[in-house]
Amino acid sequence: MAAEEVYGSIKKKAATSRSWILLDSTGEGTILDLDKYAIMHRVEIHARDLRILDPLLSYPSTILGRETAIVLNLEHIKAIITAEEVLLRDPTDDNVVPIVEELRRRLPSANVAQQMRDDGMENLSGQQHDVEATEEDVLISYNVESPFEFRALEVALEAICSFLDARATELETAAYPALDELTSKISSRNLDRVRKLKSAMTRLTARVQKVRDELEQLLDDDDDMADLYLSRKLTGPSSPLNESTAHNCFAESPTLGSKISKASRASAATTNGNENDVEELEMLLEAYFMQIDGTLNKLATVSLSRNAYGYLIIC
């Protein structure tokens, strides 16, 4: 029996060491058989940073910027993002599999922009009926000019915000019928059902609040946001498409020209190493802060509705 326990412990430890997938800039994924020390050496982070990602420990939602990596702990999303690759924990988890697929789809998109530049953007000046498709292609090419780490970060933020909002919607859908039923008939069964929903709502509200607080804390500190610009620390000045070129190529589409101009400025700020410019990341974080704040408001509305029924005594 003791031997079986030892074997099971070894097997569990081995499984833990292999529960990472590495996705590179082409979107290719590789399962790594690395222990925590090998991971720490690979991405150059401390043990205390890696502990944040330990599924056996309970840490609040965290986004940490380190010299060469972003340590990301958002519920079931536990990842280490560098300027060139993403290490994601528990890739076979049902909630993580869609994130792996989305990373595969969106990380290599920079190659599309490179191909468009190699082709001289010849396909962007086609017939009039292709204008809408052309604008979409151009905007995609500028979106992928964002640093690799921001594209990976956006996938994680989008996934966690959507996940928590879906859980809030499920609770909202279940709460109102339960309250209506309790209104029509006060019984131990109905009271217990409402109590369970209230408990679930309280736990979910705390989880949503933690993600919101982490995003708010980042948005309030330019230095913390600047720490997340990993590519800025590695690359020097480059020559992104300037505004005059964009204007000449797309003079017939003022709206598109405006969007390209904005993207060009953000890209230039990143690649030229302006450490005081965090506009690109600020826009990204603000979008998901608004989304998670909306989820929190949704939960608050359900709570207010519950209180309006006069059932505070059961809480």
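Sequential numbering from 1 along the given sequence is applied to the chain's residues. Side chains are part of it too, since the values below use all heavy atoms of this structure and drop only hydrogens, waters and symmetry mates.
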Given Val155, Ile99, Thr26, Ile21, the one that forms side-chain contact (heavy atoms from CB on, under 4.5 Å) with Arg104: Ile21
Separation between NZ (Lys233) and CD (Glu149), nearest 0.5 Å, reads 9.0 Å
If you define the side chain from C-beta out and look only at heavy atoms, does anything of Leu281 sit under 4.5 Å from Leu218? no
Are the side chain of Asn297 and the backbone N or O of Asp293 linked by a donor-acceptor pair below 3.5 Å? yes
If we ignore hydrogens and angles and just use 3.5 Å, is the side chain of Asp165 paired with the main-chain N or O of Ile292 as donor and acceptor? no
On a heavy-atom basis, which atom in Ala168 and which in Lys298 lie closest, and how many Å separate them? CB-CD, 4.0 Å
Working note: Arg106 + Glu158, criterion salt bridge (charged side-chain N to carboxylate O under 4.0 Å, His left out); need CA distance, chi angles, decisive distance, verdict. CA-CA 12 Å; Arg106 290 165 65 171; Glu158 181 180 309; 3.1 Å; yes
Leu22 and Leu88: side-chain contact (heavy atoms from CB on, under 4.5 Å), yes or no, with the steps? CA-CA 7 Å; Leu22 181 144; Leu88 189 64; over 6 Å; no
Mark yes or no for whether Arg89, through its side chain, and Lys78, through its backbone, hold a donor-acceptor pair below 3.5 Å. no
side-chain contact (heavy atoms from CB on, under 4.5 Å) with Leu87: which of Ile81, Leu53, Leu72, Val43? Val43
Can you name the nearest heavy-atom pair linking Ile77 to Ala159, along with the distance? CD1-CB, 3.9 Å
Run the side-chain contact (heavy atoms from CB on, under 4.5 Å) test on Lys36 and Ile39 for me, step by step, so that the C-alpha distance in whole Å, both residues' side-chain angles and the decisive distance to 0.1 Å come before the verdict. CA-CA 5 Å; Lys36 65 180 182 180; Ile39 293 174; 5.5 Å; no
In this structure, would Leu284 and Met290 fall into the same cluster of hydrophobic residues linked by side-chain contacts under 4.5 Å? no
CD (Glu67) and CG (Leu234) are apart, to the nearest 0.5 Å, by 8.5 Å
More than 12 heavy atoms from other groups under 6.0 Å of CD on Glu286: yes
If we ignore hydrogens and angles and just use 3.5 Å, is the side chain of Glu282 paired with the main-chain N or O of Leu219 as donor and acceptor? no
Could you grab the distance from atom CG of Leu23 to atom CD of Glu84, nearest 0.5 Å is fine? 14.0 Å
Report yes if the side chains of Met40 and His46 come closer than 4.5 Å at any heavy-atom pair, otherwise no. no
If you take all heavy atoms of Val86 and Ala152, which pair is closest and at what distance? CG2-CB, 3.6 Å
Arg42/Glu85 salt bridge by N-O under 4.0 Å criterion: yes
Please name all residues satisfying salt bridge (charged side-chain N to carboxylate O under 4.0 Å, His left out) with Asp90, sequence neighbours left out, ordered by chain then number. none
To the closest 0.5 Å, what do you measure between CD1 (Ile80) and CG (Leu50)? 5.5 Å
With side chains defined as the heavy atoms from C-beta onward, is the minimum distance between Leu171 and Arg167 less than 4.5 Å? no
Value for CD1 (Ile63) from CG (Leu153), rounded to nearest 0.5 Å, stands at 5.5 Å
Is any side-chain heavy atom of Val208 less than 4.5 Å from a side-chain heavy atom of Leu299? yes
Taking only Lys NZ, Arg NE, NH1 and NH2, and the carboxylate oxygens of Asp or Glu, determine whether Glu214 and Lys210 approach each other closer than 4.0 Å. no
Modelled atom types, side-chain donor and acceptor of Tyr229 and Glu280, under 3.5 Å: no
Looking at Phe289 and Glu216, what are the two nearest heavy atoms and their distance? CE1-CB, 3.7 Å
What closest approach, in Å, do Phe148 and Ser25 show between heavy atoms, and which atom pair accounts for it? CE1-CA, 3.6 Å
Within one Ile-Leu-Val-Met-Phe-Trp-Tyr cluster: Val100 and Ile31, side-chain cutoff 4.5 Å: yes
Qualifying side chain to side chain donor-acceptor pair (under 3.5 Å) pairs, either residue in residues 48-63, two or more places apart: Asp49-Arg66
Check whether any side-chain heavy atom of Tyr37 lies under 4.5 Å from a side-chain heavy atom of His41, and answer yes or no. no
Between Pro91 and Ser19 the two heavy atoms that sit nearest each other are CD-O, 3.6 Å
Do Arg203 and Ser199 have side-chain N/O donor and acceptor atoms under 3.5 Å apart? yes
Would you check if there is a donor-acceptor pair between the side chains of Asp213 and Gln209 at a distance under 3.5 Å? yes
To the nearest 0.5 Å, tell me how far Asp223 CG sits from Met225 CE. 9.0 Å
Tell me every residue that passes side chain to side chain contact (heavy atoms under 4.5 Å, CB included) with Glu44, counting only those two or more places apart in sequence or in another chain. Thr68
